[in-house]
Amino acid sequence: MSNDYEQISIKPGFMKHNGGVLFKTISETEYEFKSTINENHLNAAGITHGGYLSALIDAGAGTAAHRTSGNAPCVTISLDLKFIGASKEGDEIKGFTKILKKTNTLVFLFCELRCNDKIITSASGVWKILKVKPSNLGPGG
């Protein structure tokens, strides 16, 4: 697979507005993504807002579901998050997604966000594979 990250936030929208998400495929069941925290990602306490971390996981893990499903559009059914640690402005956040199971209609996965080699957020989620032909709409990031 590729060692290069690709920018998946190429169309105007929420994640592009928030600085974008870089994504790469590690294997058929493992994916990685990253983003750098800037001032508008912070909460009043000066640490990364949980809403931004949630959106980052939704975009990165959702892209993993999209790729795993043969580029079919996928939508989030559930996303269970655990906030474990913190990050701050200037930190690079890396996401690691593992596809646990893919059926004809669903993708089950686990994801961790890490900062400075420490887990700051973990998540498990389920994505619905929409029954339409593969599209060139791209991932949802």
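Since the model is a prediction, treat every value here as computed from it, not as a measurement.
Looking only at side-chain heavy atoms (C-beta outward), Tyr31 and Ile99 come within less than 4.5 Å of each other. Counting heavy atoms from C-beta on, the side chains of Trp127 and Ser69 never come closer than 4.5 Å. Looking at heavy atoms from C-beta onward, Lys82 lies in side-chain contact with Asp80 at the 4.5 angstrom threshold. Side chains of Ser122 and Ile84 form a contact here, defined as non-hydrogen atoms less than 4.5 Å apart.
Once rounded to the nearest 0.5 Å, the distance linking CG of Asn71 with OG1 of Thr63 reads 10.0 Å. To the nearest 0.5 Å, atom NZ of residue Lys24 and atom NZ of residue Lys94 are 6.5 Å apart. Put simply, NE2 on His41 and OG1 on Thr36 are 9.0 Å apart, with the number rounded to the nearest 0.5 Å.
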Pair Leu106-Lys128, side-chain contact (heavy atoms from CB on, under 4.5 Å): steps then yes or no
CA-CA 5 Å; Leu106 300 171; Lys128 172 77 173 166; 4.1 Å; yes
Evaluate the criterion salt bridge (Lys or Arg N to Asp or Glu O under 4.0 Å) for residue pair Glu112 and Arg114; output intermediate values, then yes/no.
CA-CA 6 Å; Glu112 289 179 345; Arg114 296 182 191 161; 2.8 Å; yes
side-chain contact (heavy atoms from CB on, under 4.5 Å) for Ile120 and Ile93? Distances and angles first, verdict last.
CA-CA 9 Å; Ile120 61 167; Ile93 305 295; 3.6 Å; yes
Could you walk me through whether Asn104 and Ile129 satisfy the side-chain contact (heavy atoms from CB on, under 4.5 Å) test, starting with their C-alpha distance in whole Å, then the side-chain angles of each, then the deciding distance to 0.1 Å, before giving a yes or no?
CA-CA 8 Å; Asn104 288 331; Ile129 302 168; over 6 Å; no
Working note: Leu53 + Phe83, criterion side-chain contact (heavy atoms from CB on, under 4.5 Å); need CA distance, chi angles, decisive distance, verdict.
CA-CA 9 Å; Leu53 297 175; Phe83 298 102; 4.1 Å; yes
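The closest donor-acceptor contact from the side chain of Asn43 to the backbone of Ala45 lies under 3.5 Å. No donor-acceptor pair under 3.5 Å is formed between the side chain of Thr121 and the backbone N or O of Leu113.
Across every non-hydrogen atom of Leu79 and Ala123, the tightest pair is CD1-CB, 4.1 Å.
No single ILVMFWY cluster, assembled from side-chain heavy atoms under 4.5 Å apart, contains both Ile57 and Phe108. Note on Leu109 and Val126: separate hydrophobic clusters, where clusters join Ile, Leu, Val, Met, Phe, Trp and Tyr whose side-chain heavy atoms are under 4.5 Å apart, directly or indirectly. By the criterion of side-chain heavy atoms lying less than 4.5 angstrom apart, applied directly or through intervening Ile, Leu, Val, Met, Phe, Trp or Tyr residues, Leu56 is not grouped with Phe96; the two fall into different hydrophobic clusters.
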